[in-house]
Participant: 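Please find one structure pasted underneath; my questions will follow.
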Amino acid sequence: MKPRFASVALNVPAGSDTYSYKIVDDISDDMLIGRRAVVMLGNRLMEGYIVDITDHADIEEDKIKPVEALLDKEPIFTKAMLELAFWMKEQYLCPLGAALACMLPPGVKARIQKMIVLLNEADVIDNTKSLIINALRDNKGRMALNALKKVVPVKNISSVLAELERDGVIAYEYTVKESVRIKDSYNEAAVSGSISTVRPVQQQLQAITAINKAVDEGEGAFLLHGVTGSGKTEVYLQAIQHAMDIGKDAIVLVPEISLTPQMVALFTARFGSSVAVWHSRLSMGEKYAQWWRIKNGQAQVVVGARSAVFAPVQRLGLIVLDEEQESSYKSDMTPKYDAREVAKRRCDIEAGVLVLGSATPSLETYYAAGKGDMRLLVMPDRINGKPLPHVDIVDMRQEIAYGNKSIFSRKLLKAVAYNLKAGQQSILFMNRRGFSTFVSCRNCGLVMKCPHCDISLVYHSDKGQLQCHYCGYKIAVPKVCPKCKSPYIRYFGAGTQRIEHDVKQIFPHARVVRMDTDTVTKKNAHRDILRLVWRHEVDILVGTQMIAKGLDFPEVTLVGVVAADTALNIPDFRSAEDTFQLVTQVAGRAGRAAKPGMVIVQTYQPEHYSLQAAVKHDYESFYRQEIEIRERLKYPPFSNIVKISLSGKHLPDIIKAAEDMAGELHCYLNNMCYNNDVEILGPSPAPMEKIKDEYRWQIILKVDVHIMDDIKYDIKRMVDRYSCASMDINPYSML
DNA sequence: AGCACGCCGACT
DNA sequence: GTCGGCGTGCTC
Ligand SMILES: [Zn+2]
Ligand SMILES: [Zn+2]
């Protein structure tokens with residue numbers, strides 16, 4: 001028999017994509033490719049993934065070790081998933097093994113322990129050696145390496161152990177365990193059966209027809225641009241139904257924040273037990289069970305957050321990304337993939353159809369649709385025929401000029417008062433939690449900052465604490481200034497607690513409820529608040545993002561955006577886009593049912609184009625102005641952004657590394673004559689220079705889209721040489 | 001990631 | 001002269 005070699009992908013940073021190992025078992029290639037295996041790398045045993053079988057290896061044969069063991073009964077990756085992983089490692093410059101590892105549920109991972117076994121109790125003079133032997137003897141002659149390291153805390157323990165092994169005093173053994181034991185019985189929540197479909201209206205019919213045709217053909221990408229309430233969900237549901245009718249599976253991605261029981265119910269009501277739900281709050285065991293349910297073909301519809309894009313459906317028909325503009329589709333861990341791009345690529349590989357849905361598409365996606373990379377489907381009308389709510393901008397500068405120092409404009413107060421009298425519900429939106437976002441001493445000006453982060457502490461009135469929203473640091477509110485002992489401390493910058501407090505004071509009889517991370521962390525609190533609102537037991541709902549994304553409050557007729565500038569003032573190229581999207585989304589909460597809606601947006605920059613466009617519900621106008629700025633300043637989609645972050649405990653080291661690297665980059669780009677194609681910003685401190693006691697600096701590259709592939713590998717290699725540096729290709733934001 | 005190899009400061 | 005610091009680079 002001809003010798004066979006396995007190309008095994010290992011999750012080692014800055015290593016090669018695959019390593020060659022000998023195949024000793026008599027197993028067909030098809031049962032090997034895509035399979036998990038255990039191999040030796042250096043002197044440790046690790047889990048890897050076989051991605052190919054060849055009859056030759058490009059290194060000397062005597063260096064090649066055998067595959068130690070095969071895991072599972074069959075390959076865990078399909079050829080399509082392997083191809084997707086190869087694409088990911090090129091696109092995001094991550095190890096191939098890391099791309100593959102992130103496709104599996106956390107439970108599918110071998111836990112490998114190195115054990116040390118005592119063979120004979122040799123007399124040794126060396127102190128470390130006798131410590132090791134004594135420790136082993138005390139533990140019946142067998143210890144895990146990690147346990148031994150704790151008992152014998154010597155730095156060079158592995159070289160000492162190597163000597164002992166050579167002298168035949170000890171031997172190595174390995175234990176390989178699966179992280180999750182396979183459980184056949186998984187307690188599944190009872191799901192209701194199929195509910196009959198809704199009769200679609202004309203604009204939905206057109207979209208459904210186009211998507212269904214593409215699903216039949218196994219090819220196509222769509223941007224479904226529909227205003228809030230235009231009935232995008234019904235389009236998804238009918239397209240999924242069609243895919244299922246022809247024996248294909250569907251994946252629906254929803255932003256984590258919108259993946260509520262109500263959202264899931266939309267799908268389980270229609271598709272019953274064919275639905276598998278996938279989100280971060282599932283336990284490891286639940287994830288494991290769901291994953292196998294999907295892989296075994298017991299679920300045809302997967303509803304989940306970002307990582308559900310890797311759901312192992314057998315016959316992909318359709319991937320839907322709802323609210324495609326959401327930043328949560330971009331992963332913040334290595335590999336830093338963008339689920340939109342992965343979904344597109346996966347559809348290309350597996351003959352699936354991609355549907356991106358949004359009321360406010362990202363600039364990148366709309367631009368791609370304009371170029372013809374995807375087909376634009378527009379749904380401009382609300383399904384109930386009601387007009388979009390009227391949006392009013394209030395210039396807060398004039399309020400101040402008038403002598404109104406409160407956080408509410410006269411107009412907003414009047415509208416809330418009217419609504420209360422009419423027995424109608426209102427929403428007050430504020431994108432910051434806590435009471436005051438900024439606390440300082442009136443006498444000496446000291447700003448209360450987190451000792452671990454370069455960020456001001458937020459006053460939380462309910463707990464009487466100052467909190468850091470980045471590391472969780474908390475202290476009781478100081479009675480006097482820590483520096484000058486002055487008792488006069490001022491609180492600036494309103495958060496949701498302050499809104500709640502003020503509104504209760506102004507309208508003492510109103511029933512006010514606040515909904516933000518602080519009030520929904522308790523179990524069921526989320527559901528309880530929604531119930532209160534739906535039963536009309538609440539007059540005014542105060543909240544953050546959480547109430548803007550996807551939740552349906554049919555009775556709400558007034559939405560107040562208390563401070564639209566918060567998002568606008570963030571120093572990032574996406575701030576205008578974020579603001580437009582946020583105001584449009586919040587506005588979409590108003591007047592969804594019978595009564596017409598009204599939106600009041602408070603701002604200090606009423607003339608800003610993102611707000612002006614949001615007022616008119618005019619996406620096109622916003623897009624035209626924003627895309628022009630992106631093109632002029634060479635931001636995405638007209639460039640690729642490469643963000644290089646350097647972080648560490650010792651600031652001078654970080655600055656030195658950042659400057660060295662910037663020098664290297666300049667030099668490299670000069671030599672390669674890429675000066676006109678790449679713009680280097682920085683090095684500069686990150687907008688939040690210190691977080692959790694780590695200093696952060698960054699270098700931003702704006703790279704011409706045509707030369708990205710020519711330079712990205714070189715840049716990656718440079719970055720890899722600095723242990724404190726990491727890079728992110730096309731990060732969502734530059735912060 | 002580990003771990004080894006290798007070249008410069010402070011110790012027996 | 002050696003011990004050990006961690007910079008650089010390899011692991012099939
Ligand atoms: Zn003071
Ligand atoms: Zn902090």
Side-chain angles (χ1 to χ4, degrees), chain A residues 3-25 32-33 35-70 89 93-102 109-116 126-128 132 144-150 152-166 172 174 333-335 646-650 652-654 656-661 664 713-714 716-727:
Chain A
R4 289 187 300 169
F5 300 98
S7 302
V8 180
L10 300 169
N11 195 357
V12 284
S16 76
D17 288 338
T18 59
Y19 295 81
S20 300
Y21 291 88
K22 287 185 191 116
I23 302 284
V24 288
D25 307 78
L32 290 168
I33 295 173
R35 194 139 172 199
R36 285 196 302 150
V38 176
V39 295
M40 277 298 242
L41 181 70
N43 67 344
R44 74 219 144 100
L45 200 66
M46 46 192 317
E47 182 187 41
Y49 312 107
I50 299 176
V51 299
D52 199 11
I53 302 290
T54 55
D55 54 11
H56 68 284
D58 4 313
I59 58 164
E60 304 96 89
E61 246 188 73
D62 56 345
K63 272 183 151 182
I64 301 178
K65 298 174 181 173
V67 171
E68 299 289 335
L70 295 169
K89 76 132 216 260
L93 300 179
C94 64
L96 180 62
L100 287 162
C102 85
K109 189 175 169 52
R111 285 186 319 175
I112 297 174
Q113 253 194 348
K114 192 168 184 170
M115 308 292 295
I116 314 298
D126 182 293
N127 190 37
T128 308
I132 290 169
L145 178 59
N146 286 340
L148 185 65
K149 273 181 178 167
K150 275 186 198 125
V152 187
V154 204
K155 267 202 167 176
N156 63 341
I157 190 159
S158 14
S159 57
V160 179
L161 286 169
E163 272 180 48
L164 287 171
E165 193 211 9
R166 193 198 55 210
Y172 298 124
Y174 297 89
M333 288 176 303
T334 314
L646 302 101
S647 66
K649 303 247 186 272
H650 192 52
D653 291 352
I654 297 307
K656 169 83 164 51
E659 280 165 355
D660 288 354
M661 192 186 299
E664 262 187 82
Y713 304 101
D714 292 329
K716 171 71 175 163
R717 213 169 309 124
M718 257 185 248
V719 172
D720 278 345
R721 290 198 4 262
Y722 293 81
S723 55
C724 62
S726 69
M727 81 189 246

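So you know, we letter chains A, B, ... as the sequences are listed, proteins then strands, and number each from 1.
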Participant: Could you check how far OH of A:Tyr19 sits from P of C:dG9, rounded to whole Å?
Facilitator: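 In whole Å, C:dG9 P lies 15 Å from A:Tyr19 OH.
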Participant: Heavy atoms only, 4.0 Å cut-off, all strands: where does A:Met46 land among base, sugar-phosphate and nothing?
Facilitator: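 Nothing, no nucleic acid heavy atom in range.
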Participant: Take atom OH of A:Tyr722 and atom P of B:dA1, then tell me their distance rounded to the nearest Å.
Facilitator: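 One finds 17 Å between P of B:dA1 and OH of A:Tyr722, rounded.
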Participant: Please give, in whole Å, the distance from C:dC10 P to A:Glu60 CD?
Facilitator: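 Going from A:Glu60 (CD) to C:dC10 (P), I get 14 Å.
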Participant: Between A:Gln113 and A:Ala144 (side chain of the first, backbone of the second, donor and acceptor by atom type, cut-off under 3.5 Å), is there such a pair?
Facilitator: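 No, because the side chain of A:Gln113 does not come within donor-acceptor range (under 3.5 Å) of the backbone of A:Ala144.
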Participant: Could you tell me the separation between the CZ atom of A:Arg44 and the P atom of C:dT11, rounded to a whole number of Å?
Facilitator: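 Distance, rounded to whole Å: 13 Å.
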Participant: Rounding to a whole Å, what distance do you find between A:Asp720:CG and C:dG7:P?
Facilitator: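 So the CG-P distance, A:Asp720 to C:dG7, works out to 17 Å.
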Participant: Looking at every strand, decide which applies to A:Asn11 at a 4.0 Å heavy-atom threshold: base, sugar-phosphate, or nothing.
Facilitator: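 No contact at all - A:Asn11 keeps every heavy atom at 4.0 Å or more from the nucleic acid.
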Participant: State whether A:Lys65 places a side-chain N or O below 4.0 Å from either non-bridging phosphate oxygen (OP1 or OP2) of C:dT11.
Facilitator: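 For C:dT11, neither OP1 nor OP2 has a side-chain N or O of A:Lys65 closer than 4.0 Å.
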Participant: Rounded to the nearest angstrom, tell me the gap between atom NZ in A:Lys149 and atom C1' in B:dG2.
Facilitator: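 In whole Å, B:dG2 C1' and A:Lys149 NZ are 8 Å from each other.
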Participant: Check for a donor-acceptor pair, side chain of A:Lys22 on one end and backbone N or O of A:Ile64 on the other, with a separation under 3.5 Å.
Facilitator: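 Such a contact is found between A:Lys22 side chain and A:Ile64 backbone.
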Participant: When we call it a touch if two heavy atoms are under 4.0 Å apart, what does A:Ile64 touch: a base, just sugar-phosphate, or nothing?
Facilitator: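 Sugar-phosphate, backbone atoms only, no base.
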Participant: Any side-chain heavy atom of A:Val67 sitting closer than 4.5 Å to one from A:Leu32?
Facilitator: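 SC-SC contact between A:Val67 and A:Leu32 ruled out.
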Participant: In whole angstrom, what separates A:Leu41's CG from B:dA1's C1'?
Facilitator: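 Checked: the CG to C1' distance equals 10 Å.
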Participant: Hey, does A:Leu41 have a side-chain heavy atom less than 4.5 Å from the side chain of A:Tyr21?
Facilitator: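 Sidechains of A:Leu41 and A:Tyr21: in contact.
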Participant: C:dC12 C1' sits how many Å from A:Asp52 CG, rounded?
Facilitator: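 Value for this atom pair: 15 Å.
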